[in-house]
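Following: one structure in structure tokens, then a few remarks.
Keep in mind that this is a model prediction, so the values were computed, not measured. The chain is numbered in sequence order, starting from 1. Computation of the quantities below employed the complete heavy-atom set of this structure, encompassing side-chain atoms and omitting hydrogens, waters and symmetry-equivalent molecules.
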Amino acid sequence: MATVSVYNMEGNEVGTIELSDAVFGVDVNEHLVHMAVVAQLANKRQGTQKAKTRSEVSGGGRKPWRQKGTGHARQGSTRAPQWTGGGVVFAPVPRDYTIRLNKKEKRLALKSALTSRLQENKLIVVDELKFDEIKTKNFVNVMNNLKADKALVVLNENDANVVMSARNIPTVKTALTNTINVYDILKYNTLILTKDAVATIEEVYA
């Protein structure tokens, strides 16, 4: 088991914690991590784009002029793609971009992301995050004390004072243990976990 320091909100070391190898010490599967990120981004796509082909555009039923003798190029319809108001060639249609990973793949990808953050020394454990009021300045001070700039902060329970204090900081995102994902873990430079969040993650994914 890896042993890491535990800090308080003032940035002082107040103890240590052992992280389970079953979650924070797995063999990093980069391919699976890549698949999880691609799947998450693809699943966000709405896929509602739509344009009309020449068969869907109204009008154009009559040949605009006779085939021969006019001096014009032959035309069969005013709704052909080369005409203004005509249909679109190879028009986009609604589609489903969903990519599915099975449960084992999702769990291993998440554990690989957590392990990589630990190996890169980009994981910080704090004993707790508690604020008496909603104040962005308080959260900024905590981030400065922990020497973290762009960070994903994972909480065990939804604390309104903490979440609302961090909401206006563009380089910080808060998440609960049941909403963490591979993309967010890799997107932010630092992963900050509370002790309670570590216990819950190990309980669920070990």
Check whether any side-chain heavy atom of [X] sits under 4.5 Å from a side-chain heavy atom of [Y], and report yes or no.
X    : Y    : result
L41  : Y183 : yes
M164 : R167 : yes
T190 : K150 : no
L193 : I124 : no
E13  : V6   : no
R100 : N43  : no
I180 : D184 : no
V142 : V140 : no

Gap separating the [atom1] atom of [X] from the [atom2] atom of [Y], nearest 0.5 angstrom:
X    : Y    : atom1 : atom2 : result
Y188 : R117 : OH    : CZ    : 12.0 Å
S116 : K122 : OG    : NZ    : 8.5 Å
T194 : N156 : OG1   : CG    : 6.0 Å
K68  : R66  : NZ    : CZ    : 10.5 Å
I169 : T136 : CD1   : OG1   : 6.0 Å
T98  : R95  : OG1   : CZ    : 9.5 Å

Mind checking whether [X] and [Y] sit in one hydrophobic cluster, side chains of I, L, V, M, F, W, Y counted as touching below 4.5 Å?
X    : Y    : result
I201 : V204 : yes
L191 : F139 : no
L155 : I185 : no
L101 : V38  : no
L146 : L118 : no

Can a donor-acceptor pair be found, under 3.5 Å and without considering hydrogens, that links the side chain of [X] to the backbone of [Y]?
X    : Y   : answer
R45  : G47 : no
R54  : V88 : no
N145 : M9  : yes
R79  : S58 : yes
T115 : V23 : yes

Go through it in stages, so that I can follow the logic: the residues are S5 and V14, the test is side-chain contact (heavy atoms from CB on, under 4.5 Å), and I'd like the CA-CA distance, side-chain angles, deciding distance and then a yes or no. CA-CA 8 Å; S5 300; V14 293; over 6 Å; no
If we count only N and O atoms by modelled type, under 3.5 Å, do the side chains of [X] and [Y] hold a donor and an acceptor together?
X    : Y    : answer
E133 : N161 : no
Q67  : Q75  : no
S112 : N29  : no
E202 : S20  : no

Could you walk me through whether N138 and D132 pass the side-chain contact (heavy atoms from CB on, under 4.5 Å) test, one step at a time? CA-CA 10 Å; N138 291 343; D132 296 329; over 6 Å; no
For a quick test of reading the model, state the closest non-hydrogen atom pair linking [X] to [Y] and the distance between them.
X    : Y    : value
E56  : K52  : OE1-CA, 3.3 Å
A91  : A51  : CB-O, 3.4 Å
S77  : P64  : N-CD, 3.8 Å
G87  : V57  : CA-CG2, 3.6 Å
V33  : A113 : CG2-N, 4.4 Å
V154 : L176 : CG1-C, 4.1 Å

For atom [atom1] of [X], is the number of surrounding heavy atoms from other residues, nucleotides or ligands below 6.0 Å larger than 12?
X    : atom1 : value
E157 : CD    : no
K63  : NZ    : yes
N102 : CG    : yes
D96  : CG    : yes
E128 : CD    : yes
H72  : NE2   : yes
Q46  : CD    : no

If we check side-chain contact (heavy atoms from CB on, under 4.5 Å) with K195, which of these qualifies: T200, V126, D127?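 Only one of T200, V126, D127 forms a side-chain contact (heavy atoms from CB on, under 4.5 Å) with K195, namely D127.
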Only one of V153, D159, N8 passes side-chain contact (heavy atoms from CB on, under 4.5 Å) with L129; say which it is.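 Of the listed options, the one satisfying the test is V153.
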Please list, chain by chain and in numerical order, all residues satisfying side-chain contact (heavy atoms from CB on, under 4.5 Å) with K137, sequence neighbours excluded.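 Counting only residues at least two positions away or on another chain, K137 forms a side-chain contact (heavy atoms from CB on, under 4.5 Å) with K135, N141.
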In sequence, state the C-alpha distance, the side-chain angles, and the governing distance for L123 and F24, and then conclude on side-chain contact (heavy atoms from CB on, under 4.5 Å). CA-CA 10 Å; L123 189 150; F24 296 93; 3.8 Å; yes
Any chance you could lay out the side-chain contact (heavy atoms from CB on, under 4.5 Å) test for K187 and L152, step after step, and finish with the verdict? CA-CA 8 Å; K187 177 181 177 181; L152 174 66; over 6 Å; no
Could you tell me how the ring of W65 sits relative to the ring of W83: parallel (under 30°), tilted (30 to 60°) or perpendicular (over 60°)?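 W65 and W83: tilted rings.
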